[in-house]
Protein chains: 2
Amino acid sequence: MFLSSVTNKVDAKGRVSVPADFRAVVAGSGFDGIVVWPSFDGQYLEGGGMALMEEYQRSLDALDYYDEGRIALQRAIFAASRPLQFDTGGRISLPKDLHDYAGLNGHVTFVGLGRRFEIWSPTAHEERAGLMRSLAKENRHRLRPVPTPLPGGGMP
Amino acid sequence: MFLSSVTNKVDAKGRVSVPADFRAVVAGSGFDGIVVWPSFDGQYLEGGGMALMEEYQRSLDALDYYDEGRIALQRAIFAASRPLQFDTGGRISLPKDLHDYAGLNGHVTFVGLGRRFEIWSPTAHEERAGLMRSLAKENRHRLRPVPTPLPGGGMP
DNA sequence: TCATCTTTGGGATAGCATGGGATAGTATGG
DNA sequence: CCATACTATCCCATGCTATCCCAAAGATGA
């Protein structure tokens with residue numbers, strides 16, 4: 001489970017250390033790395049392990065083959081996402097276009113969101129954080145116990 | 001799993017490098033290459049590994065031999081598709097008719113869509129990508145948890 | 001305070017995309 | 001049936017980029 005927020009440095013080669021806690025989450029899933037794509041909600045990136053992609057795949061399989069929405073989601077997620085493998089030091093090298101999309105410059109903030117995580121420019125994230133806190137406060141009554149956990153789990 | 005989008009060059013002989021990540025997906029499946037056919041949805045090509053063809057075959061086997069739809073799909077996919085073997089450098093040589101069908105000129109974009117991929121003219125793809133993103137945003141609520149993972153999975 | 005793990009830096013290396021020439025295979029015409 | 005021309009495939013070479021590997025600085029917890 002992706003938890004907490006960590007800010008790391010992007011070096012001259014475009015490499016970033018993925019937080020060790022995050023690496024532990026995706027460890028032993030066949031692919032030693034993460035998958036990252038530009039969010040369609042704003043100027044930041046979203047990411048997760050390969051298992052998350054497979055979950056998305058299954059979810060899309062539940063829709064009609066030629067459903068307009070299904071095709072759009074497939075294109076927006078799979079086509080835009082990059083599998084980024086860890087180097088021996090646990091870093092990924094962030095492609096330049098993704099780097100630019102998120103408006104990064106030298107530093108990135110990894111934000112754990114349970115099943116997936118986000119990658120923000122630290123300044124942009126801080127601006128957003130205040131807004132999110134008040135939104136969370138408004139919605140806190142919606143956080144309540146679930147009778148029985150679903151087998152296999154859900155999605156974000 | 002086919003992920004991300006890559007743009008490569010078509011040389012004077014009609015050869016294109018298939019992205020290394022895509023080659024890795026189809027590696028070790030008996031046939032060292034990909035299968036490509038013209039999409040019946042637009043001016044672009046669709047493709048996948050030989051394993052995808054076998055999946056289609058199984059899916060069609062579920063229909064009656066003389067089912068009208070079965071025959072039409074067989075024609076559109078199997079008859080129009082070309083097995084294209086990699087050369088030692090991981091390239092395929094794209095037949096001229098397919099090249100023309102997709103309106104390519106010098107450059108092609110490979111678009112990963114999970115189980116299969118598409119081959120577009122870079123300009124045409126870029127035009128399409130923006131539309132797909134907004135459609136995906138509208139439809140994102142439909143991406144939801146599936147209770148039980150289907151064994152074997154489905155089609156594209 | 002020390003030991004261990006994580007993050008960061010930089011040089012070396014291997015893999016990838018691409019170009020061009022050589023060779024074999026196929027089709028066409030005599 | 002043979003000869004020619006064309007095409008497609010193979011093979012090698014090259015510039016570039018991404019990845020690997022090693023090493024040091026920093027952080028964390030005992």
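Note that this is a predicted model, so its numbers are computed, not measured. The figures here come from the full heavy-atom set of this structure, side chains too, leaving out hydrogens, waters and symmetry mates. To find a chain, count down the sequence lines: A is the first, B the second, and so on, and within it residues start at 1.
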Answer with base, sugar-phosphate or nothing: what part of the nucleic acid does [X] contact at a heavy-atom distance below 4.0 Å?
{"X": "Gly89(A)", "result": "base"}
{"X": "Val16(A)", "result": "nothing"}
{"X": "Val6(A)", "result": "nothing"}

Pro19(B) vs Asp21(A), nearer the 5' end of DNA chain C by closest nucleotide: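 This one resolves to Asp21(A).
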Quick one, [X] and [Y] - any side-chain contact, counting heavy atoms below 4.5 Å?
{"X": "Phe86(B)", "Y": "Val26(B)", "result": "yes"}
{"X": "His125(A)", "Y": "Tyr44(A)", "result": "no"}
{"X": "Ser81(B)", "Y": "Met53(B)", "result": "yes"}

Any salt bridge between Arg23(B) and Asp32(B), counting N to O under 4.0 Å?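 Result for this pair is no, no salt bridge flagged.
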With Leu63(B), which residues qualify under side-chain contact (heavy atoms from CB on, under 4.5 Å), at least two apart?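 Per chain and number, Leu63(B) pairs via side-chain contact (heavy atoms from CB on, under 4.5 Å) with Leu60(B), Asp67(B), Arg70(B).
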Please list, for nucleotides 5-10 of chain D, all pairs of protein and nucleotide N/O atoms separated by less than 3.5 Å.
unit_1	atom_1	unit_2	atom_2	d
dT9(D)	OP2	Ser93(B)	OG	3.2
dC10(D)	N4	Arg15(B)	NH1	3.1

In whole angstroms, how far is the [atom2] atom of [N] from the [atom1] atom of [X]?
{"X": "Asp11(A)", "N": "dC22(D)", "atom1": "CG", "atom2": "P", "answer": "19 Å"}
{"X": "Lys96(A)", "N": "dA18(D)", "atom1": "NZ", "atom2": "P", "answer": "12 Å"}
{"X": "Arg82(A)", "N": "dA18(D)", "atom1": "CZ", "atom2": "C1'", "answer": "14 Å"}
{"X": "Asn8(B)", "N": "dC16(D)", "atom1": "CG", "atom2": "P", "answer": "17 Å"}
{"X": "Asp97(A)", "N": "dA18(D)", "atom1": "CG", "atom2": "P", "answer": "11 Å"}

Report yes if at least one side-chain N or O of Arg23(B) is closer than 4.0 Å to OP1 or OP2 of dG15(C); otherwise report no.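 Result: no.
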Taking the minimum atom-to-atom distance to the side chain of Ala20(A), which one of dT8(C), dT6(C), dT18(C) wins?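 The closest nucleotide is dT6(C).
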All pairs passing salt bridge (Lys or Arg N to Asp or Glu O under 4.0 Å) where residues 71-91 of chain A contributes a residue, at least two apart: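 Every pair satisfying salt bridge (Lys or Arg N to Asp or Glu O under 4.0 Å) with a residue in residues 71-91 of chain A: Asp11(A)-Arg91(A), Arg75(A)-Glu118(B), Arg82(A)-Asp97(A), Asp87(A)-Arg91(A).
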Let me confirm one number: the CH2-CZ distance from Trp120(A) to Phe110(A), rounded to the nearest 0.5 Å.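 Rounded to the nearest 0.5 Å, the CH2-CZ separation comes to 14.5 Å.
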Starting from the first five and the last five pairs of the helix from dT1(C)-dA30(D) to dG30(C)-dC1(D), work out the angle between the resulting helix axes, to 10 degrees.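 Roughly 40°, once rounded to the nearest ten degrees.
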Under the ring pair (Phe, Tyr, Trp, His ring centres under 6.0 Å) rule, collect the residues that match up with Phe117(A), sequence neighbours excluded.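 So Phe117(A) forms a ring pair (Phe, Tyr, Trp, His ring centres under 6.0 Å) with Phe2(A), Phe22(A).
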My understanding is that only residues two or more places apart in sequence, or in another chain, count here; which of them pass side chain to side chain donor-acceptor pair (under 3.5 Å) with Lys137(A)?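 Side chain to side chain donor-acceptor pair (under 3.5 Å) check on Lys137(A) returns nothing, list empty.
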